[in-house]
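Counting convention: from 1, in listed order, for ligands and their atoms alike.
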Amino acid sequence: MKAILTSVLASSLLVLAAPASAQFAKTEDAIKYRQSALFVLGQHFGRIGAMVNGRVPFDAKVAAENADIVAAMAQLPWAGFGPGTDKGAPTKAEPAIWTEPAKFKEASDKMVAETAKLAAAAKTGNLDTLKTAFGATAGSCKACHDAFRGK
Ligand code: ASC
């Protein structure tokens with residue numbers, strides 16, 4: 001009984017840990033997964049952007065909540081860029097992602113690091129601190145898009 005429980009527990013933990021080393025049934029799923037994570041990230045980043053750019057009033061709590069989601073989402077897309085996922089569904093991903101993996105990893109690591117700083121900046125409740133971190137994060141999005149995303 002104990003062995004069964006242990007094995008059930010172990011498999012549930014594997015399922016819970018899945019996003020970190022996501023395995024996909026189909027290439028199309030990997031592409032959809034990375035696009036979805038980046039889409040959700042963009043929606044929440046945009047909500048912070050609206051405050052930073054003065055389009056909506058600054059609300060520190062809302063900014064912090066959105067920044068935490070951005071930082072969490074930032075972890076996810078990379079598992080969806082595995083070998084052979086350069087095609088199989090409509091994608092703007094450039095071949096350089098797979099031919100220059102070290103550069104792609106550097107660019108994605110940079111974005112992940114900037115989003116962590118963004119989340120920390122948002123928690124200070126200071127709009128100027130948030131603005132600086134937002135700019136740095138947006139720069140890391142753009143650098144990766146310029147190098148690795150097609151039209
Ligand atoms: C955004 C968004 C991006 C980045 C990028 C930054 O708000 O959707 O992809 O910022 O445009 O330059």
Side-chain angles (χ1 to χ4, degrees), residues 12-151:
S12 344
L13 286 175
L14 279 177
V15 169
L16 288 174
S21 57
Q23 298 294 312
F24 302 98
K26 294 177 286 182
T27 301
E28 189 190 345
D29 291 348
I31 295 173
K32 251 196 253 175
Y33 176 86
R34 71 200 190 205
Q35 290 172 342
S36 302
L38 287 163
F39 176 76
V40 173
L41 189 160
Q43 294 298 298
H44 292 277
F45 192 57
R47 286 172 201 167
I48 301 169
M51 290 186 229
V52 161
N53 296 315
R55 277 181 282 123
V56 308
F58 176 53
D59 181 325
K61 184 170 177 285
V62 171
E65 284 167 0
N66 280 290
D68 279 344
I69 296 170
V70 167
M73 286 302 120
Q75 314 278 329
L76 301 182
W78 323 115
F81 287 96
T85 62
D86 54 325
K87 44 181 166 314
T91 175
K92 293 181 200 157
E94 291 275 5
I97 291 167
W98 295 275
T99 57
E100 302 191 77
K103 281 190 187 162
F104 183 62
K105 184 169 187 330
E106 193 184 326
S108 58
D109 284 352
K110 170 87 175 147
M111 187 277 251
V112 172
E114 294 300 344
T115 61
K117 289 190 216 163
L118 178 73
K123 287 184 178 75
T124 69
N126 182 288
L127 181 56
D128 285 329
T129 304
L130 181 63
K131 279 184 184 172
T132 303
F134 181 86
T137 306
S140 73
C141 300
K142 185 176 189 304
C144 199
H145 289 163
D146 288 351
F148 298 106
R149 184 175 71 167
K151 295 279 164 267

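Protein heavy atom closest to atom 10 (O) of ligand 1, with residue, atom name and distance, is Phe45 CE2, 3.6 Å. Remark: minimum distance from atom 8 (O) of ligand 1 to any protein heavy atom is reached at Gly42 CA, 4.6 Å. Of all protein heavy atoms, the one closest to atom 3 (C) of ligand 1 is His145 CE1, 4.3 Å.
Side-chain rings of Trp78 and Phe104 approach one another, their centers coming within less than 6.0 Å.
The closest non-hydrogen atom to atom 12 (O) of ligand 1, taken over Lys142, Met111, His44, comes from Lys142.
Of all the atoms in ligand 1, the ones that sit under 4.0 Å from a non-hydrogen atom of Cys141 are 4 (C), 5 (C), 6 (C). If you number the atoms of ligand 1 from 1 as listed, the ones under 4.0 Å from a heavy atom of Ala138 come out as 6 (C), 12 (O).
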Show, in sequence, the C-alpha distance, side-chain angles and deciding distance for Glu106 and Lys110, and conclude whether the salt bridge (Lys or Arg N to Asp or Glu O under 4.0 Å) test is met. CA-CA 6 Å; Glu106 193 184 326; Lys110 170 87 175 147; over 6 Å; no
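Atom CD of Gln75 and atom OG of Ser108 lie 11.0 Å apart (nearest 0.5 Å).
Under the 4.5 Å side-chain criterion, counting only non-hydrogen atoms from C-beta, Met73 is in contact with Leu76. Between Thr85 and Phe24 there is no side-chain heavy-atom pair separated by less than 4.5 Å.
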